[in-house]
Amino acid sequence: MVRKAQGSPAKALTAPAGHGMFEGVRAVFVEGGILGKRIEIWKKRLIGLGGQVLDPGKRIPREATHILAADAERLIKQYGREQVEESPLFLVSFGWLEESLAQGKLLPPNAYRVFSSSRSGSAGRSPARSRSASPDTAQSRGGNLLESPTASAQPPAPKTPATSAQKRLREAHERAEDLAAEVREDNEQSGAVALVGAEDEGGESSERREGEGGQGFGLQGDWRPGGGDKQLEKWGEVRNDVTKEKEAMGIRPLGSTAEAIGREVMRIEPPRGNATEQPTHSGGGSDEDHEILLRAAKRARIEGADSGKPQGGLERALVEVNEEGFLDLRENQTPAGMANPELNRGLLKVLGELKDIYRDAFGDDRRSFSYYKAISVVENLSFKVTSAEQLKGLPSIGRSLLDVVRDILGTGTTPRLLALKNDPMVRALFEFGSVWGIGPVTARKLYDMGYRKLEELEKEPSLTQAQRTGVKFFYDIQQRIPRHEAAEMEALVQRVATELCPGIEVLCGGSYRRGKATCGDMDMVLTHPDGHSHKGLLPKLVARLKEIDFVTEDLLVGPSHSADDSDHGVDTYFGLCKYPGRELRHRIDFKVYPRDQHAFGLLAWTGNDVLNRRLRLIASAQQLHLNDHGMYPAIYREGDSVHNVSRGSESVPCYTERDIFRTLRVKYLEPKERNL
DNA sequence: GGGCCGTACTG
DNA sequence: CAGTACG
DNA sequence: GCCC
């Protein structure tokens, strides 16, 4: 998994050992924190082994591949917080160089990033692939459990799996759970439950903040709960904050007392009627229409109870819309920009790691999604969590998560995470499963075949071309894109697309459109106002973008629909692209929609996924089927399960996203408000 | 104990 | 079809 | 995992 940063990514995984090992590396050394003499020696060795040393300058040199510094403070001192936070480069500690020299090979930089790694290097940052269920604030990237220097140094694995990975994975999980339970029991018996951390840990803390990933954690992690001295005197204040926060989220304590804050009975406030704010829809979302839909939904629910029709989530969605007025989905968002994920960085980091492991190694999407939603709730808090009780009653935070939070607040981590991270199989599965195109099942197969390391996968013949590309650009793809670069690339695509097709509309959706400071990828959504000029554009656009060396590799090339007239007429392309002047690959998607589907496509491709799911559930409760092509009156055919609903003929016409929200009786959310 | 979004491509 | 992907 |  040795990636030669930017020099020649094509050789990403085959950097030669020893001689010339730093070929293609263009490093900047930020002085300080370590003897200048040692730095000089390192520079010479780097150059001797094929690397280049660049002048630091005031701005991070564009051609640089690695920025080396003793720690984050020096980095920020040199370049300022903004540059450092937005840099997609490898901002690593000198430990990376030292260890690479020691091992005679170019090590993956991730474990040495000064923006998350603790000095040990075993608590580096997460690859946190930008697969679906992942809150894409830059702050919540989980930690990593691979890329420890030692892991990279292992010899090739023997191909003799004793048991199937499937079984051993289950066992790994059970071990982790058992351990967690044991530790918890011990703590309870010894009364050693630590509920501390009311204050920042000393004066240096704000300077030590990391831009994008949270501190390292774990045994010698940088993050630990602060001292609890002021805990008691702070309590009243914190309690008030918590209560306010919950109220802001639309969660109201019923009959709580100050002492019983941990036992509040919470309920979601009914949405307030604000229909007047919403202009009446011209074509299918009128009050009358809605009444009809609502009545139909109630009927469906009642009938469903008798006939095995949908229950559960659907019913919950129905409760939500079963009030007058428009539903406000911002219930877990702290108003007025008071949310501060930084406050709970350590907590978020651990939860993020668990979320990633459950998804990428275990394929437990449900559990992972639960963590994801809980993370989102914690990110939206405006106070520092000092006691698990503060989270009791918040949406998506249940018993198990409270236990985990208790662990983290006490020790900085949780036994189950430690157990998982120390399990070599889990580490391997997580690594494989983090490759684009490789999911948990394939990861297990590869593991069972005897593979243990990423670079070995290159040769495996059963990999698809896309998976091979995913392996090759494993590290590239995980580097986040600074917002301003995404904006430039959006403009570039707009320019090229307009040359090919005047009048074409090009928007970058996804986390970019939701206003995030960094993006995992680019989601380009296109349409043409005249309703037909978009046809056949995508292949030409991609070809042109390849000509100018912007789009570089394909991952998925959809069949050309819009040329003929068969399907929905939506063209799709997934691939990789390069920010001009740099070799680093980023994920980029293109979706070209006919004008009448564009609002649905844009909504879907702006996300986030939680919003998409919720809107679809809400639509279901109103007997509507929502997808990225349209919104269709649902027709429950006799004897069909809910999953077998056929679409009515015509979509409810929606020209804008507002139309969709209005039809569903959901309060309109600006893109930046869609980070649910 | 059951539900948890809906769709599209690959092999 | 299962697996993986996208938000 | 959470929620009903």
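Here is the naming used below: chain letters follow the sequence lines, and residue numbers restart at 1 for every chain.
Residue contacts shown for Leu354(A) are absent, as no nucleic acid heavy atom lies under 4.0 Å away. Within 4.0 Å (heavy atoms only), Leu626(A) reaches sugar-phosphate atoms of the nucleic acid but no base atom. Using a 4.0 Å heavy-atom distance criterion, Asp523(A) is classed as a sugar-phosphate-only contact. Residue contacts shown for Val557(A) are limited to sugar-phosphate atoms, with no base heavy atom under 4.0 Å away.
For Ser368(A) and Lys355(A), the side-chain atoms include no donor-acceptor pair closer than 3.5 Å. Of the N and O atoms on the side chains of Asp554(A) and Tyr573(A), at least one donor lies less than 3.5 Å from an acceptor on the other residue.
Of the candidates dG1(D), dA8(B), dC9(B), the closest approach to any side-chain atom of Tyr371(A) belongs to dG1(D). Side chain of Trp436(A), nearest nucleotide from dA5(C), dG6(B), dG7(C): dA5(C). With distances taken from any side-chain atom of Ser620(A) to the nucleotides dG6(B), dG7(C), dG1(D), the minimum falls on dG6(B). Here the side chain of Arg514(A) is nearest to one of dC6(C), dG7(C), dC5(B), namely dG7(C). Among dC2(D), dT7(B), dC6(C), the nucleotide with an atom closest to any side-chain atom of Leu401(A) is dC2(D). Each of dG1(D), dT4(C), dC6(C) was ranked by its minimum atom distance to the side chain of Ser370(A); first place goes to dG1(D). Considering only side-chain atoms of Thr442(A), the nucleotide from dG1(D), dG3(C), dG6(B) that sits closest is dG3(C). Distances were taken from every side-chain heavy atom of Trp605(A) (C-beta onward) to each of dG6(B), dG7(C), dC2(D); the shortest belongs to dG7(C).
For dC9(B), the OP1/OP2 oxygens have no side-chain nitrogen or oxygen of Thr464(A) closer than 4.0 Å. Distances shorter than 4.0 Å separate none of the side-chain N or O atoms of Tyr372(A) from OP1 or OP2 on dG1(D). The side chain of His629(A) contributes an N or O atom lying less than 4.0 Å from OP1 or OP2 of dA8(B). Contact annotation: Arg367(A) reaches the phosphate of dG1(D) (side-chain N/O to OP1 or OP2, under 4.0 Å). For dC6(C), neither phosphate oxygen OP1 nor OP2 lies less than 4.0 angstrom from any side-chain nitrogen or oxygen of Thr572(A). Between Arg587(A) and the phosphate of dC6(C), there is a side-chain N or O to OP1/OP2 separation shorter than 4.0 Å. Contact annotation: Arg613(A) does not reach the phosphate of dT7(B) (side-chain N/O to OP1 or OP2, under 4.0 Å).
Put simply, CG on Asp356(A) is 15 Å from P on dG1(D), counting in whole angstrom units. Atom CG of Leu615(A) is separated from atom C1' of dC4(B) by 16 Å (rounded to the nearest Å). Whole-Å rounding puts the Arg468(A) CZ to dG11(B) P distance at 11 Å. One interatomic measurement links the two molecules: OH of Tyr573(A) to C1' of dA8(B), which rounds to 17 Å at whole-angstrom precision. Computed from coordinates, the Met631(A) CE to dT7(B) C1' distance equals 17 Å when rounded to whole Å. dC4(B) atom P lies 23 Å from atom OH of Tyr358(A), rounded to whole Å. dC6(C) atom P lies 20 Å from atom OH of Tyr512(A), rounded to whole Å. Regarding Leu446(A), its CG atom lies at a distance of 14 Å from the C1' atom of dT4(C), rounded to whole Å.
Between Phe369(A) and Tyr372(A), the two ring planes are parallel [angle under 30°; tilted spans 30° to 60°]. The aromatic rings of His629(A) and His568(A) sit parallel, their planes meeting at an angle under 30°, below the 60° perpendicular limit.
Ion pairing between a basic and an acidic side chain is recognised when a charged N comes within 4.0 Å of a carboxylate O; Glu553(A) and Lys578(A) show no such pairing. Salt bridge annotation for Asp523(A)-Arg514(A): absent, with no cationic side-chain nitrogen under 4.0 angstrom from a carboxylate oxygen.
Projected onto DNA chain B by closest heavy-atom contact, Lys591(A) and Arg366(A) fall at different nucleotides, the more 5' of which corresponds to Arg366(A).
Nucleotides dC2(D) and dG6(B) are separated by 23 Å at their P atoms, to the nearest Å.
Side chain Asn612(A) to base dG7(C): a donor-acceptor pair is found below 3.5 Å.
Taking all atoms of both residues into account, the shortest heavy-atom contact from Lys667(A) to Phe326(A) is N-CB, 3.9 Å.
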